[in-house]
Amino acid sequence: MNDPGVRLLFGRDEISRRVRELGASIAETYAGHAPGKLVLVGVLKGSSIFLADLIRAARVDAGVDFISISSYASDGPGSGVVRIVKDLEQEIAGKHVLLAEDIVDTGLTLTYLRKTLQARDPASLRTVTLIDKPARRLLPVPVDWVGFEAPDEFLLGYGLDYRGIYRNVPELFSVPDVARLALEPRTFVERLYPQHGP
Ligand code: PRP
């Protein structure tokens, strides 16, 4: 088997430990809030894996909702012009909203989401992200909890995808040669989904 050259950035145990720490810190912050007033908002699709683990690690009563946005390709990459594809199903006025992201990269998505949700008068609006790539930031944006800082490399696994797949890889990998993902998919599948365990 050819080695696709992926690099393990964060393994299962490290992710699990960090998610537990984030959960404890989040629970401490929201302890004593009025029951039913905290809602964890997952930004689809990348945050789904992280959110599922995080909400169980945070010992605090919290609702869950999801939002999905998409960039307007016609405005070009990095334009920051986005639209809501799927909106929240609940009103958030007067609620404590915690946005959960898998990654903050340029900051354009989070900036748009914060502006959009802030306009709905939540009691508070905070953000937790599993991965922060500060080197890529185009817009400064507040992030309250960061799981890991990552270098400016292509990442996949634990929610992060390449063309819609690999989100269910339990670890986080860096891929130095992204072109190989398209050219040799079988090599990556064999490496990232070992048949006899990791
Ligand atoms: C990813 C990620 C963030 C956004 C961050 O979403 O989940 O929402 O990019 O990038 P930014 O800071 O440069 O705006 P993506 O559009 O890849 O969708 P996905 O979550 O469905 O993979």
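Counting starts at 1 for both ligands and their atoms, following the listed order. Just so you know, residue 1 is the first one in the sequence shown, and it goes up from there.
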Mind listing the side-chain donor-acceptor pairs of residues 54-63 below 3.5 Å, one per line with the distance, residues two or more places apart or on another chain?
from  : atom 1 : to    : atom 2 : distance (Å)
Arg56 : NE     : Ala52 : O      : 2.9
Arg56 : NH2    : Ala52 : O      : 3.3
Arg56 : NH2    : Asp53 : OD1    : 3.0
Asp61 : OD1    : His33 : NE2    : 3.4
Asp61 : OD2    : Gly36 : N      : 3.0

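Protein residues having at least one heavy atom under 4.0 Å from any atom of ligand 1 are Leu44, Lys45, Gly46, Glu101, Asp102, Ile103, Val104, Asp105, Thr106, Gly107, Leu108, Thr109, Asp161, Arg167, listed by chain and number.
Looking at residues two or more places apart in sequence or on another chain, you find a side chain to side chain contact (heavy atoms under 4.5 Å, CB included) between Thr29 and Arg126, Trp145. Residues meeting the side chain to side chain contact (heavy atoms under 4.5 Å, CB included) test with Leu88, sequence neighbours left out: Val41, Asp65, Ile67, Ile92, Leu117, Arg120.
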Can you check side-chain contact (heavy atoms from CB on, under 4.5 Å) on Tyr166 and Asp161, steps first, answer last? CA-CA 5 Å; Tyr166 304 115; Asp161 70 310; 5.7 Å; no
Tell me, with the steps shown, if Val19 and Tyr158 meet side-chain contact (heavy atoms from CB on, under 4.5 Å). CA-CA 12 Å; Val19 170; Tyr158 201 74; 3.8 Å; yes
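Look at Glu21 and Arg18 and you find a salt bridge, because one of the NZ, NE, NH1 or NH2 atoms lies within 4.0 Å of a carboxylate O, short of that distance.
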